[in-house]
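Okay, structure first, notes after.
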There are 2 protein chains.
Amino acid sequence: MMAHTYDYPRPALTVDCVVFGLDEEDLKVLLIRRAIPPFTGKWALPGGFVHLDETLEQAAKRELAEETGLGDVFIEQLYTFGALERDPRERVVSVVYYALVNLRDHQIRAATDARDVAWRSIPALPELGFDHREILAVALARLKGKVRYQPIGFELLPRKFTLSQLQKLYEKILEKPLDKRNFRRKVQENGLLLDCRETEQGVAHRAARLYRFDRKKYAQLCRKGFLFEI
Amino acid sequence: MMAHTYDYPRPALTVDCVVFGLDEEDLKVLLIRRAIPPFTGKWALPGGFVHLDETLEQAAKRELAEETGLGDVFIEQLYTFGALERDPRERVVSVVYYALVNLRDHQIRAATDARDVAWRSIPALPELGFDHREILAVALARLKGKVRYQPIGFELLPRKFTLSQLQKLYEKILEKPLDKRNFRRKVQENGLLLDCRETEQGVAHRAARLYRFDRKKYAQLCRKGFLFEI
DNA sequence: TCAAAAGTGTTAAAAATACACCCATGG
DNA sequence: CCATGGGTGTATTTTTAACACTTTTGA
């Protein structure tokens, strides 16, 4: 193995990913069961070391793909964690990203090294290794804050969705009920929801209209100083 | 010199600081003129390498003290920059902090190695080394966004300040004029401004009342779910 | 025909905005 | 006595919040 030598000691640099998903029940987070020490058997966020030839975001996406099979997801930097004892082996600084995916379209696969990978309900989390519980709390707070004034919630839904799905999403993230009529007026008034002229299929009640988020129009409006808000 | 060897190569890890200050004229940022390559003679943000025995925030504060003499300031993590070529010497990842200080109370001193240290007006910046211009843009955007819903603006003022000073601060950061009567009503309605029962001295017109921000009361209110807003 | 969720407007309360004059002080 | 900024209230508009019934569909 090649050795790498520096004049001064360096912290190890890793990336970790908090991947949020949503299904009919709950907001979920993607966890990996550790197969090696430290924290063997405990659940933890997917992540790993940053290579010299990749940016931080590339590293986060690569680790996510390697460990969970996920690709082509919304991802954004969250925060960098650098407490002295956060990894018992040595000093490790971790740049943490959070990602949003919709569970329908993104199937996770077992990681190459056969570690467990699973979506876990946020309200009922297992014990986590490292400082990952704290990291998750920061990510949740960010999601809660950001979903109000940036259209990132759509990343958690299929491309075509009903207004009820959208409302439930906001209710789960914000952890409070919303008024149906006020919500529908609010999300439709900015003109960013495109009526697909289709209805959902196979439901045992009146079928709801499907909408999709108009990304192009949003990009245009942004250039004119438009601020998304819900 | 001691050598430090690792199995895999590691990026260098630094911290940089975007220090904002405010005076009668402008919003300013603290810059250092580089005495050594790369970018010799160019201005740059203060910063340096992270030691193994200090957290990221400690590193940022230490560098700030060493290079500018500033201590006891409001400081918060901004973002971590990890583009491949941001430092021409080698791969460097930088965790950037932003700080807010008031220019009256915090005198800067020349750095130990006699590099220039100076407050520079944001509207009239010199050319900056590295990707520091980009970093500054991110910091400004953060300041602009955050000042609306967190009471961080007070960090830029002396402990006792007039309402006009406060209004000018917001006008400079948000880059838009505010209505005097509406502003005064707004900032006073949450009860977080304490009347010092003093007036400013030595002005050639009616002396304004001095106020201070009630940190303790703010902390109390926060625990009850209060959200600051201006 | 029933159960289950979709869809739809109005009214009242609260918040944001626009706006102009008198006051106190030092030079 | 005047120039300079300090200080104050009200009316209008906009935004938010509260609230209940009819419609459609498949089982």
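Labels below follow one simple rule: chain letters A, B, ... track the order of the sequence lines, proteins then strands, and each chain is numbered from 1.
When side chains are defined from C-beta on, Ile32(A) does not count as touching Leu45(A), because their heavy atoms never get closer than 4.5 Å. In this structure, the side chains of Leu136(A) and Leu125(A) come closer than 4.5 Å at one or more pairs of heavy atoms. Counting heavy atoms from C-beta outward, Phe183(A) and Leu166(A) have side chains that approach closer than 4.5 Å.
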With a 3.5 Å cut-off and sequence neighbours excluded, list the donor-acceptor pairs that the side chains of residues 223-230 of chain B form with protein atoms.
none

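For Arg181(A), the side-chain contact (heavy atoms from CB on, under 4.5 Å) partners at least two apart in sequence or on another chain are Asp179(A). Remark: Phe154(B) engages Phe161(B), Phe213(B) in a ring pair (Phe, Tyr, Trp, His ring centres under 6.0 Å) (not counting sequence neighbours). For Phe20(A), the ring pair (Phe, Tyr, Trp, His ring centres under 6.0 Å) test picks out no residue, with sequence neighbours left out. With sequence neighbours excluded, the residues forming a side-chain hydrogen bond (donor to acceptor under 3.5 Å, both in side chains) with Arg33(A) are Asp116(A), listed by chain and number. In this structure, the ring pair (Phe, Tyr, Trp, His ring centres under 6.0 Å) partners of Phe130(B), at least two apart in sequence or on a different chain, are Phe39(B), His132(B).
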Polar atom pairs between nucleotides 22-27 of chain C and protein, under 3.5 Å, N or O only, would you list them?
| from | atom 1 | to | atom 2 | distance (Å) |
| --- | --- | --- | --- | --- |
| dC23(C) | O2 | Arg206(B) | NH1 | 3.3 |

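To the nearest angstrom, P of dT25(D) lies 12 Å from CZ of Arg209(A). When the C1' atom of dA5(C) is taken as reference, atom CG of Leu210(A) falls 14 Å away, rounded to whole Å. In this structure, Ile230(B) atom CD1 and dA16(C) atom P are separated by 12 Å, rounded to whole Å. In this structure, Lys180(B) places its NZ atom 19 Å from P of dT17(C), rounding to the nearest Å. Residue Phe183(A) contributes atom CZ, which lies 15 Å from atom P of dT8(C) at whole-angstrom precision. One can place CZ of Arg184(A) at 13 Å from P of dA5(C), the figure rounded to the nearest angstrom.
Secondary-structure annotation of DNA chain C gives the stems C:1-27 with D:1-27, with a stem taken as at least 3 successive Watson-Crick or G-U pairs whose two distances both fall under 3.5 Å.
Sorted by first and then second residue, the ring-ring contact (aromatic ring centres under 6.0 Å, His included) pairs involving residues 187-206 of chain A (not counting sequence neighbours) form an empty list. Contacts classified as salt bridge (charged side-chain N to carboxylate O under 4.0 Å, His left out) and involving residues 17-32 of chain B (residues at least two apart or in different chains) are given here: Asp23(B)-Lys28(B), Glu24(B)-Arg104(B), Glu25(B)-Lys28(B).
Geometrically, Arg120(A) engages Trp43(A) in a cation-pi contact, judged by NZ or CZ lying under 6.0 Å from the ring centre and within 45° of the ring axis.
Using a cut-off of 4.0 Å between Lys/Arg side-chain N and Asp/Glu carboxylate O, Glu76(B) and Lys146(B) are scored as salt-bridged.
Residues from residues 157-177 of chain B with heavy atoms under 4.0 angstrom of DNA chain D, sorted by number: Ser164(B).
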Can you check each nucleotide of nucleotides 11-19 of chain D against protein heavy atoms at under 4.0 Å and return B for base, S for sugar-phosphate only, - for none, in 5' to 3' order? -----SBBB
